[in-house]
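Only one structure is covered here, and it is reproduced in the block below.
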Amino acid sequence: MQILLHLGFPKTASSSLQFNVFENLEKNKKIKFFTWRKKNKNEPLKFRPSSRLFLKKKILKKYLDFSKKKLNVLSDESFTIPKKIRTFNFGKKIINPNLFPKIIRNQIQKKFNKEDIKFKVLMVVRNQSDLIFSQYIEEYNLKEFKNIDILFKKKKIDCNNFRIYKFYKYYQNICAVFKKENVKVLFY
């Protein structure tokens, strides 16, 4: 069984990959593609694969309905979302996303107990200052237009829990879990 894990990062053209590249490959019967809100644009956040992990739960079965004959692609840029953002959604007792690669691998291996599974990992990165600026704009718009304040408490920007953006450390982490030769990094 072949599995490609697209672990993000947010703000690195993930939606373009998901809904142009991966979805078209699936329509042409080349891959099996799994992502949040693929079939239901109103699917609750708590069903998202990354949200399940933040909440210390298993990824839903519908996201792990893998094929033995095709490449399976599990894509969720929020596997690498800053903890700060999901703390806002789910509270402080959530799992650090740096632990997700090992949790994902273990959940898949447990589900497919005796299968020979070949993992590949895709990590897309972006110039950190551009990525952080894009994230800042998104958070600013939430504050301005929806009155959701994740970063700007007391007129001071709170940048705690953004350690996931230490790309090299995260890269080392996924290489330790999946082996370096199975990890590909693309630059957006």
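When reading the values below, keep in mind they use all heavy atoms of this one structure, side chains included, and skip hydrogens, waters and symmetry mates.
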#### Entry: Co-membership, hydrophobic cluster, residues I137 and F88, 4.5 Å side-chain
yes

#### Entry: N173 side-chain N/O to K169 backbone N/O, donor-acceptor pair under 3.5 Å
no

### Rounded distance (nearest 0.5 Å) linking atom CZ of F178 with atom NZ of K102
11.0 Å

### Query
Within 45° of the six-membered ring axis of F19 and under 6.0 Å from that ring's centre, is NZ or CZ of K41 located there?
yes

### Query
Less than 6.0 Å separating the ring centroids of F54 and F100?
yes

Under 3.5 Å, sequence neighbours excluded: what are the donor-acceptor pairs made by side chains of residues 1-11?
{"from": "H6", "atom 1": "ND1", "to": "S75", "atom 2": "OG", "distance (Å)": "2.6"}
{"from": "K11", "atom 1": "NZ", "to": "E138", "atom 2": "OE1", "distance (Å)": "2.2"}

### Query
Is N28 atom CG crowded by more than 12 heavy atoms from other residues, nucleotides or ligands, each under 6.0 Å away?
yes

### Query
Which atom pair, heavy atoms only, marks the closest approach of W36 to P44?
NE1-O, 3.1 Å

### Message
Assess whether a salt bridge exists between E43 and K38, defined as any Lys/Arg side-chain N lying under 4.0 Å from an Asp/Glu carboxylate O.
### Response
no

### Task
For S78 and D76, work out which heavy atoms get closest and say how close.
N-OD1, 2.8 Å

### Query
In this structure, are over 12 heavy atoms from other groups packed under 6.0 Å from Y140 atom OH?
no

### Query
Do you know the tightest heavy-atom contact between F167 and R126?
CE1-O, 3.3 Å

### Message
Is there a side chain to side chain donor-acceptor pair (under 3.5 Å) between N72 and S67? Walk through the geometry before answering.
### Response
CA-CA 7 Å; N72 301 281; S67 167; 4.9 Å; no

### Query
Roughly how far apart are I85 CD1 and I148 CD1, rounded to 0.5 Å?
11.5 Å

### Task
Tell me, with the steps shown, if K120 and E181 meet side chain to side chain contact (heavy atoms under 4.5 Å, CB included).
CA-CA 9 Å; K120 296 285 184 186; E181 64 268 17; 6.0 Å; no

### Query
CG of L99 to NZ of K56: how many Å apart, nearest 0.5 Å?
10.5 Å

### Task
Determine, using the 4.5 Å side-chain heavy-atom cutoff (strictly less than), whether V124 and L74 are members of one ILVMFWY cluster.
no

### Message
Measuring from atom CD1 of I103 to atom OG of S50, what distance do you get when rounded to the nearest 0.5 angstrom?
### Response
12.0 Å

### Query
Taking the side chain as C-beta and beyond, is there a heavy-atom pair between F33 and L25 under 4.5 Å?
no

### Contact summary for Y170 and P97, nearest pair of heavy atoms
CE1-O, 4.2 Å

### Query
Backbone N or O of V177 within a donor-acceptor pair of the R105 side chain at under 3.5 Å?
yes

### Query
Has the side chain of K32 got a donor or acceptor atom that lies under 3.5 Å from a matching backbone atom of D65?
yes

### Message
Do I94 and T87 have side chains that approach each other closer than 4.5 Å (heavy atoms only, starting at C-beta)?
### Response
yes

#### Entry: Student check: side-chain heavy atoms of K68 and E115 closer than 4.5 Å
yes

### Task
Please say whether more than 12 non-hydrogen atoms of neighbouring residues, nucleotides or ligands are located less than 6.0 Å from NZ in K70.
yes

### Message
Less than 3.5 Å apart, any donor N or O on the side chain of E77 or Q18 sitting next to an acceptor on the other?
### Response
yes

### Summary
OG (S51) and CZ (F47) are apart, to the nearest 0.5 Å, by 10.5 Å

### Message
Are F34 and F22 linked, directly or through intermediate hydrophobic residues, by side-chain heavy-atom contacts shorter than 4.5 Å (ILVMFWY only)?
### Response
no

### Over 12 foreign heavy atoms within 6.0 Å of CZ, F133
no

### Query
Taking all atoms of both residues into account, what is the closest heavy-atom pair of I117 and I108, and its distance?
CD1-CG2, 3.9 Å

### Query
Hey, any chance F112 and I31 share a hydrophobic cluster, counting ILVMFWY side chains that come within less than 4.5 Å of each other, even indirectly?
no

### Joint cluster assignment, Y168 & V121, ILVMFWY side-chain distance < 4.5 Å
yes

### Query
What distance separates L53 CG from K57 NZ, expressed to the nearest 0.5 Å?
12.0 Å

### Message
Could you go through L71 and V73, starting from their C-alpha distance and side-chain angles, then the distance that decides it, and tell me whether this counts as side chain to side chain contact (heavy atoms under 4.5 Å, CB included)?
### Response
CA-CA 6 Å; L71 174 65; V73 177; 4.2 Å; yes

